[in-house]
Amino acid sequence: MNDSQITISLPDSSTRSLPSGATAADLAADIGPGLAKAAVAARVNGELADLRRALPDGASVAIVTRKDSDPDALYVLRHSAAHALATAVRKLYPEAGIGFGPPIEEGFYYDFEVPEPFTPEDIETIQAEMVKVIEADDPFARRDVDRSEAKALFADDPLKLERLEEIPDDETISVYENGPFLDLCRGPHAPSTGEIQHFKLLHAAGAYWRGDEKRQMLQRIYGTAFYTSQALDEYVTRLEEARKRDHRRLGQELDLFSIQEDIGPGLVCWHPKGARLQLELRRWIEDLLTARKYEFVFTPHISSEALFRKSGHLPNYAENMYPSMQGDGEEGAFRVKPMNCPGHTTIYAARPRSYRDLPIRLSEIANVYRYERSGTLHGLLRVRMLTMDDGHVFCTPEQVEPEIFTCLELVDIVMSTLGLEYRFDLSTRPDGEKRIGDDELWDRAEEALHQALDRAELEYGLDEGGGAFYGPKIDIKFKDAIGREWQGATIQLDFNLPERFDLEYVGADNQTHRPVMIHRAIFGTLERFTGVLIEHFAGAFPPWLAPVQVRVLPITDAHEEGARAVLDRLESEGYRVELDSRSDTLGYRIRDGELQKVPYLLVVGEREIEAGTVAVRARGADKKQVIMPVDDFVDRLRERVESKSLQN
RNA sequence: GCUGGCGUAGCUCAACCGGUAGAGCGUCGGAUUUGUAAUCCGGAGGUUGUGGGUUCGAGUCCCACCGCCAGCUCCA
């Protein structure tokens with residue numbers, strides 16, 4: 001092999017020789033014309049790159065082809081679509097400042113600094129202009145520049161100049177040019193704007209520059225793009241379908257809860273059926289915790305303000321706490337509690353503790369109140385009165401790991417029983433002023449959580465700076481119907497509050513020691529958890545959880561007595577049953593039962609009464625009805641409920 | 001909190017350029033007595049989110065406030 005040749009290895013571990021200076025496009029063409037045609041980018045030594053970049057000798061290269069199923073391919077397409085959007089906006093608004101324009105999970109956005117926010121009509125105009133940009137089919141040309149040239153290129157673009165300042169000296173500065181538009185950008189991009197065939201601008205919204213609410217607000221336009229019109233249509237349809245599962249909509253349709261202006265924003269009223277969901281979840285977690293030696297306590301809804309000052313919550317979260325209630329005389333001010341830690345801490349401190357007592361595990365399903373900013377409220381998922389399945393474990397440093405394992409076990413039981421998908425995040429210490437305690441304590445706490453997760457062999461993400469002010473935490477995150485992520489269970493390690501409250505225990509050495517505190521919630525809050533469950537099940541809850549488990553439908557008035565006998569039987573067994581003896585047709589009542597997502601509809605007519613059977617219509621079953629003796633149905637229901645089966 | 005959009009009956013929605021609010025579902029009454037996803041007839045139900053303003057006249061235009069939705073920021 002001579003100097004003018006380079007060797008490239010391919011994903012199937014074969015190698016190929018190409019002339020020096022060959023690009024990924026050349027490689028694709030060398031492999032075959034079909035691949036050359038389908039190629040949009042390449043993965044070079046693991047990094048996504050333009051097709052037109054020269055390949056280094058010895059690189060391992062995978063060609064990325066136009067495919068809606070390939071995240072790399074979509075990333076490149078959407079990044080290019082963001083540039084095409086900015087191109088269109090600059091044509092219509094030459095003075096617009098340009099911020100960032102990255103691809104995101106389901107599409108892309110671009111931020112603009114314009115004097116007037118975009119109206120929905122503006123978005124249509126921009127979309128039409130974007131079509132022209134695409135029709136022009138200008139290539140995306142990359143150029144590496146030095147800092148002074150970059151400064152000159154973006155001289156009248158303060159947002160880009162600010163970004164430029166942050167690029168370290170050892171990093172290559174690159175720009176991409178497509179037709180009239182030039183952007184500071186790391187790339188990569190599709191070969192040309194013509195690649196973007198199937199796209200849609202979705203909506204515009206304000207977004208702070210650099211994500212900092214103290215800085216100016218830019219106007220962000222969101223859009224999405226795919227390689228086929230079919231995938232784009234599917235995406236739009238999927239969003240519409242997802243909206244039908246929205247817990248706010250189902251909460252109304254199934255009469256589960258309401259949030260009313262007369263009561264106040266973020267304050268949930270649970271209707272009987274929604275309250276039943278909560279009661280079943282509470283009973284479940286109470287049993288699980290009791291079996292793991294947790295003890296239940298109750299602490300007051302209001303406490304002296306001094307308590308929250310001592311804990312550090314007041315200094316850190318005053319903005320998000322309900323205002324002070326001023327006492328009449330010398331008593332001083334009170335606050336409605338935003339969390340339970342100080343209360344549980346106070347119970348711990350109420351008497352001397354021995355190492356023999358530890359761990360002490362206190363649990364309380366408690367309502368707490370947080371004055372969340374108005375713009376953040378969201379149905380059941382972000383509320384101002386929240387019901388936490390809260391708990392605090394006070395233990396020795398050696399006991400931390402087994403206690404965390406118990407928490408992780410509980411999370412697993414709850415999530416797998418319900419079939420919920422979730423992921424773990426390890427959230428580490430926040431920035432300087434936002435945390436208490438010295439770094440050594442933080443090191444120990446973070447290390448303990450890392451180890452626990454590693455030993456439990458769990459995969460987890462890292463949320464740098466996402467911890468609580470008193471300690472790092474393991475969070476579990478799940479997604480709502482349209483893919484927004486929310487925090488559920490949380491396990492927080494805390495060496496700081498025990499210091500602040502001067503918690504102690506007497507060790508075997510007859511010396512006093514500081515206990516470690518674990519804050520944990522398995523559901524998180526019952527509001528959010530129920531909201532996620534409503535969307536997860538689309539309102540069709542498994543029998544053990546369903547507010548109404550069975551509805552009995554007599555065919556005519558003549559069968560009402562027989563139907564009532566079935567109802568009485570089921571009620572005496574402890575099940576939640578309704579009788580629908582309305583004078584509407586059977587078809588109408590079946591439809592209504594289906595729409596209300598009742599797991600079992602039992603039809604009772606002449607034949608059933610005589611034979612002592614019921615005609616069972618199980619929600620979602622292939623067979624519309626199955627005739628079985630009442631006893632058999634009771635057995636089936638019992639089995640499903642007791643096992644918390646997801647089947648009905 | 002910020003930016004934008006929206007707010008009409010319990011729910012979903014309609015009402016041209018400003019001309020005095022209407023439908024379906026639900027609910028109630030009556031008829032019907034039904035065998036597996038909507039039986040028929042009739043009635044009731046609205047200070048058009050709230051408060052101001054412009055106008056002969058405001059659901060419609062203007063202002064303020066409240067709430068909701070999307071996004072941003074925040075989330076012990």
Side-chain angles (χ1 to χ4, degrees), chain A residues 109 111 116-120 122-123 202-222 243 246 248-249 252-253 255 258-262 264-266 308 311-317 319-321 337-342 368 370-379 381-383 386 388 390 430 434-435 466-471 473 475 482 484 486-487 490 492 494 497 519 521 525 528 553-560 581-595 601-608 615-617 623-625 627:
Chain A
Y109 68 76
D111 288 341
E116 295 291 323
F118 299 115
T119 64
D122 293 339
I123 300 296
L202 298 169
H203 57 267
Y208 298 107
W209 168 234
R210 311 309 308 259
D212 182 346
E213 66 180 320
K214 292 186 183 68
R215 307 206 55 180
Q216 74 267 44
M217 187 162 256
L218 308 181
Q219 296 303 316
R220 177 172 296 178
I221 298 177
Y222 284 90
R243 286 186 224 288
D246 189 308
R248 293 165 295 186
R249 175 183 177 142
Q252 162 71 32
E253 287 174 6
D255 195 20
S258 61
I259 299 172
Q260 298 178 47
E261 216 170 324
D262 285 348
F308 300 116
S311 69
H313 287 91
L314 197 50
N316 275 286
Y317 293 104
E319 295 289 295
N320 294 315
M321 285 174 69
K337 66 175 168 182
M339 28 82 257
N340 305 297
C341 344
V368 299
R370 297 180 180 179
Y371 192 72
E372 302 286 5
R373 293 162 88 175
S374 59
T376 64
L377 300 174
H378 187 101
L381 300 182
R382 189 78 179 271
V383 294
L386 27 151
M388 298 183 71
D390 207 356
K434 290 183 185 165
R435 65 172 189 259
F469 71 85
Y470 48 71
K473 53 185 187 151
D475 286 331
I482 66 166
R484 289 175 290 217
W486 299 87
Q487 182 191 309
T490 184
Q492 311 176 351
D494 180 4
L497 288 190
H519 309 241
T525 75
R528 180 175 291 176
L553 315 181
I555 291 177
T556 74
D557 291 353
H559 314 116
E560 186 166 339
S581 56
R582 289 177 292 183
S583 72
D584 298 282
T585 60
L586 182 62
Y588 175 87
R589 287 174 290 150
I590 288 188
R591 178 180 152 83
D592 187 59
E594 292 282 347
L595 291 177
L601 302 178
L602 304 187
V603 175
V604 175
E606 204 57 43
R607 301 198 291 264
E608 287 77 17
V616 180
R617 188 182 162 112
K623 279 183 105 172
K624 285 295 176 215
Q625 68 161 355
I627 311 282

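Each chain gets a letter, A, B and so on, in the order the sequences are listed, and its residues count up from 1.
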Inset, instruction - Dump the intermediate steps for side chain to side chain contact (heavy atoms under 4.5 Å, CB included) on N320(A) and R373(A), then the final yes or no. - result: CA-CA 7 Å; N320(A) 294 315; R373(A) 293 162 88 175; 4.2 Å; yes
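To the nearest angstrom, C1' of U39(B) lies 16 Å from CD1 of I555(A). Atom CE in M321(A) sits roughly 16 Å away from atom C1' in C74(B) (whole-Å rounding). U3(B) atom C1' lies 16 Å from atom CG of D212(A), rounded to whole Å. Atoms CZ (R582(A)) and C1' (U27(B)) sit 11 Å apart, rounded to a whole Å. Atom CZ of R220(A) and atom P of G4(B) are 16 Å apart (whole Å). To the nearest angstrom, P of U36(B) lies 16 Å from CZ of R591(A). Atom CD in Q260(A) sits roughly 12 Å away from atom P in G10(B) (whole-Å rounding). Protein atom CD of Q219(A) is 18 Å distant from nucleotide atom P of A70(B), rounded to whole Å.
A14(B) and A70(B) have their C1' atoms separated by 25 Å, with the value rounded to a whole Å. Between A44(B) and A23(B), the two P atoms lie 11 Å apart (nearest whole Å). Across the P atoms, U8(B) and G46(B) are found 15 Å apart, a figure rounded to whole Å. If you take atom P in G24(B) and the same atom in U39(B), they sit 16 Å apart, rounded to whole Å. For the C1' atom pair drawn from A58(B) and U48(B), the interatomic distance equals 11 Å after rounding to whole Å. Taking atom C1' in both C62(B) and C74(B), the straight-line distance is 34 Å, to the nearest Å. When the P atom is compared between U36(B) and G29(B), the two are found 28 Å apart, to the nearest whole Å. Rounded to whole Å, the P atom of G35(B) lies 15 Å from the corresponding atom of C40(B).
Side-chain N/O atoms of R435(A) and base N/O atoms of A76(B) include no donor-acceptor pair closer than 3.5 Å. Below the 3.5 angstrom threshold, one finds no donor paired with an acceptor across the side chain of R370(A) and the base of C75(B). Between the base of G35(B) and the side chain of E608(A) there is a donor-acceptor pair shorter than 3.5 Å.
Across all strands shown, A558(A) has no heavy atoms under 4.0 Å from either base or sugar-phosphate atoms. Residue contacts shown for N316(A) are absent, as no nucleic acid heavy atom lies under 4.0 Å away. Note on R248(A): only backbone sugar-phosphate atoms sit closer than 4.0 angstrom, heavy atoms only; bases stay farther off. R589(A) comes within 4.0 angstrom of nothing in the nucleic acid, heavy atoms only.
With rounding to the nearest 0.5 Å, the separation of NE2 in H519(A) from CG in D390(A) is 9.0 Å. Interatomic distance, CG of L553(A) versus CZ of R582(A), reported as 9.0 Å (0.5 Å rounding). Once rounded to the nearest 0.5 Å, the distance linking OH of Y109(A) with CZ of R220(A) reads 4.0 Å. Note that CZ of R591(A) is 12.0 Å distant from CG of D584(A), once rounded to the nearest 0.5 Å. Considering NE2 of H378(A) and CG of D246(A), their distance stands at 6.0 Å, rounded to 0.5 Å.
In a base pair of the Watson-Crick type (N1 to N3 plus N6-O4 or O6-N4) or a G-U wobble (N1-O2 and O6-N3), with each distance short of 3.5 Å, G10(B) is matched with C25(B). Across all strands shown, the partner of U3(B) is A70(B), judged by Watson-Crick or G-U wobble contacts whose two distances both fall under 3.5 Å. Base pairing analysis places U34(B) opposite nothing; no Watson-Crick or G-U wobble pair with both distances below 3.5 Å involves it. Using the Watson-Crick or G-U wobble rule with both distances under 3.5 Å, G18(B) pairs with nothing in any strand shown. As the counterpart of G51(B), C63(B) is assigned, both hydrogen-bonding distances of the Watson-Crick or G-U wobble pattern falling under 3.5 Å. Pair assignment for A58(B) gives none, since no Watson-Crick or G-U wobble pairing has each distance under 3.5 Å.
The side chain of R243(A) places no N or O atom within less than 4.0 Å of a non-bridging phosphate oxygen (OP1 or OP2) of C69(B). The side chain of T556(A) contributes no N or O atom lying less than 4.0 Å from OP1 or OP2 of U34(B). For the pair H559(A) and U34(B), the criterion of a side-chain N or O lying under 4.0 Å from OP1 or OP2 is not met. Here R484(A) reaches the OP1 or OP2 of A70(B): one of its side-chain N or O atoms lies under 4.0 Å away. For A76(B), the OP1/OP2 oxygens have a side-chain nitrogen or oxygen of K473(A) closer than 4.0 Å.
Between S374(A) and D475(A), it is S374(A) whose nearest contact on RNA chain B lies nearer the 5' terminus. Nearest-nucleotide positions on RNA chain B place T585(A) closer to the 5' end than the other of T585(A) and H313(A).
For Q252(A), the listed nucleotide lying nearest its side chain is C11(B); candidates were U36(B), G71(B), C11(B). With distances taken from any side-chain atom of Y317(A) to the nucleotides A76(B), A70(B), A31(B), the minimum falls on A76(B). The side chain of S583(A) lies closest to A31(B), out of G71(B), A31(B), A76(B). Closest contact between the side chain of E261(A) and the listed nucleotides C74(B), C75(B), G67(B) involves G67(B). When distances are taken from the side chain of R607(A) to each of U73(B), A70(B), G35(B), the shortest belongs to G35(B). The side chain of L586(A) approaches U36(B) more closely than any other nucleotide in the set C2(B), U36(B), G1(B). Nearest nucleotide to the side chain of Y208(A), out of A37(B), A70(B), C2(B): C2(B). Between A70(B), G5(B), A76(B), one nucleotide has an atom nearer to the side chain of P120(A) than all others, and that is G5(B). With distances taken from any side-chain atom of Y588(A) to the nucleotides U33(B), U73(B), A38(B), the minimum falls on A38(B). Out of G1(B), U39(B), G35(B), the shortest distance to the side chain of D584(A) is found at U39(B).
Residues Y317(A) and F308(A) keep their aromatic ring centres 6.0 Å or farther apart.
Among all heavy-atom pairs drawn from I123(A) and A204(A), the shortest one is CD1-CB, 3.7 Å.
Of the possible donor and acceptor atoms, one in the side chain of T556(A) sits under 3.5 Å from a partner among the backbone N and O of A558(A).
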